[in-house]
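Notes for the one structure printed next.
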Amino acid sequence: MLTENIRNKVIKAVTVVLIAILAITIMYYIFQVKDRDVTMKDKIGGETEHSFSTPTTTVNINNEQMKSIDNAQYNNELNISDLNDTKNNKIDNTIESYVVASDVKDEVKNKHTYKRWDYFPYHSGIQFANEDIFKAIKKAFANIDFYGEFKKGNMDVYDFYKEKYKQFITNEVAFFDKEENKELYLGDLSLIGHSYQNKSLDDCLKEYSYIFFDMDEDGAPELCITDITFCYVFKYIPDKNEFILWLKLESTYYGLIGTKKTYWNRLGDNHAFYKYDESGKDEYTVHFFMYYITNEITEEPEIIHMVALPYYENKEEQVIITEDMRIQGYFDETLQVYYFRVTEEQYEELTKDYMESLTLAQKNIKEVTFTYEELFGE
């Protein structure tokens with residue numbers, strides 16, 4: 001009888017402990033959910049307090065989606081995934097000119113440094129850059145040549161290279177992948193053939209488009225194999241009789257502007273411009289986007305226009321960041337750039353050449369784009 005009483009007491013004690021643990025877990029979860037909302041008390045030039053985690057809105061949505069911004073978590077996760085697919089994770093975190101978090105004064109860091117651009121306090125008020133800073137941004141953008149050309153290269157060697165690339169796409173000749181640091185075959189690339197699962201590699205290759213022009217500006221043409229989800233740029237080196245993967249673009253949103261230039265364009269609202277050197281490495285990038293919100297006061301849709309200073313791989317070419325820029329800018333730790341809010345008119349002025357370059361590229365690229373049969377024959 002005594003043993004039975006002891007057992008019952010033990011069972012009751014264990015039950016109480018489990019209930020207490022469950023209650024604590026539930027309360028912790030509730031507080032965690034509350035902490036996800038960004039709270040901000042913002043006065044222009046005054047103190048700013050904020051706490052944030054995963055945002056519930058997304059930059060890249062069209063006008064029809066604006067009415068359901070608060071439910072756009074799925075799109076937001078897609079944006080983050082897309083960014084991770086870009087080359088922006090190859091950033092030198094020791095850049096001196098662009099101030100990283102550890103170099104920013106505490107009061108500035110707390111106000112203006114964020115993990116990514118999608119964590120900025122859009123709903124709590126983002127200040128506009130003043131006229132002096134806009135002039136500095138405008139000067140920096142004036143140094144960027146957004147326009148591109150699709151030159152065919154030296155026509156004396158055009159057919160020679162075309163024959164070499166025809167041999168290459170038989171999948172019997174290896175190429176060197178600089179990122180993987182090893183030799184691969186076309187069939188080893190993850191996106192080659194992915195959209196034609198029931199077809200052979202040969203049949204897949206005949207479905208793709210081929211852009212044949214001088215991508216690296218060495219006088220000889222490179223071969224770009226492209227589909228809706230990728231663009232692989234291959235280069236043939238005759239002295240070594242070898243092929244290399246010069247550039248790998250694995251996203252629906254990438255496109256070619258011309259020699260050494262590409263873009264990333266998501267839904268027409270979020271943009272990145274890339275300029276490469278002769279080996280296919282980044283020289284500089286430019287980022288800008290529009291963010292859609294619902295104004296909490298007017299309850300009307302509102303568009304926030306953000307532009308970043310160009311990011312140069314060569315530290316000596318970096319734009320010098322002034323104290324005013326640190327105060328008025330919003331630092332993206334992932335991309336290592338300062339973003340600034342500008343007016344719609346200023347945004348259009350800064351991005352005019354880029355937008356025109358996309359229109360021209362879509363027209364000019366047709367002259368060097370071929371089907372398999374058109375470029376290589378039957």
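The analysis underlying the following values was restricted to heavy atoms, covering all of them including side chains, and did not include hydrogens, waters or symmetry mates.
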Side chains of [X] and [Y]: does their closest heavy-atom pair fall under 4.5 Å?
X    : Y    : result
D269 : F289 : no
L309 : Q318 : no
L191 : Y232 : yes
I192 : C204 : no
V337 : Y339 : yes
L223 : I169 : yes
T343 : H305 : no
H123 : E302 : no

Can you tell me how far apart [atom1] ([X]) and [atom2] ([Y]) are? Round to the nearest 0.5 Å.
X    : Y    : atom1 : atom2 : result
K248 : L189 : NZ    : CG    : 6.5 Å
I257 : E149 : CD1   : CD    : 13.0 Å
I244 : I237 : CD1   : CD1   : 4.5 Å

[X] side chain to [Y] backbone, donor-acceptor under 3.5 Å:
X    : Y    : answer
S251 : T229 : no
K166 : F376 : yes
R341 : I126 : yes
N130 : I133 : yes
Q336 : E333 : yes
T322 : R326 : no
K261 : D145 : yes

Aromatic ring centroids of [X] and [Y] under 6.0 Å?
X    : Y    : answer
Y158 : F160 : no
Y372 : Y208 : no
F234 : F168 : yes
F146 : F273 : yes
Y291 : F120 : no
H112 : F331 : no

**Study point:** Given E317, E217, E313, E283, the one that forms salt bridge (charged side-chain N to carboxylate O under 4.0 Å, His left out) with K275
**Key:** E283
Check your understanding: Applying the side-chain hydrogen bond (donor to acceptor under 3.5 Å, both in side chains) test to H271, which of Y354, Y253, W264 qualifies?
Key -> Y354
Revision key, fill the gap. Test side-chain hydrogen bond (donor to acceptor under 3.5 Å, both in side chains), reference Y276, set T285, D216, T262, output is T262
Ion pair check, [X] and [Y], cut-off under 4.0 Å:
X    : Y    : answer
D332 : K115 : no
K260 : D277 : no
K135 : E131 : no

**Study point:** More than 12 heavy atoms from other groups under 6.0 Å of CD on E373
**Key:** yes
Under a single-linkage definition using a 4.5 Å side-chain heavy-atom cutoff for Ile, Leu, Val, Met, Phe, Trp and Tyr, are [X] and [Y] assigned to the same hydrophobic cluster?
X    : Y    : result
W117 : I293 : yes
F243 : L375 : yes
Y185 : L201 : no
I144 : Y147 : no
F134 : F128 : no

In a table with atom names and distances, give each donor-acceptor pair under 3.5 Å that connects a side chain of residues 358-365 to protein atoms at least two apart or in another chain.
{"residue": "T359", "atom": "OG1", "partner": "M355", "partner atom": "O", "Å": "3.4"}
{"residue": "N364", "atom": "ND2", "partner": "L360", "partner atom": "O", "Å": "3.3"}

Review point. Are Y161 and F212 close enough, and set up right, to give a ring-ring contact (aromatic ring centres under 6.0 Å, His included), and what steps lead you there?
Key: CA-CA 10 Å; Y161 278 85; F212 197 49; 7.9 Å; no
Review point. For the residue pair G329 and F340, what are the closest heavy atoms and their distance?
Key: CA-CE2, 3.4 Å
Review point. Between E349 and K138, is a salt bridge (Lys or Arg N to Asp or Glu O under 4.0 Å) present by the stated rule, with each step listed?
Key: CA-CA 9 Å; E349 181 180 355; K138 184 177 178 180; 2.7 Å; yes
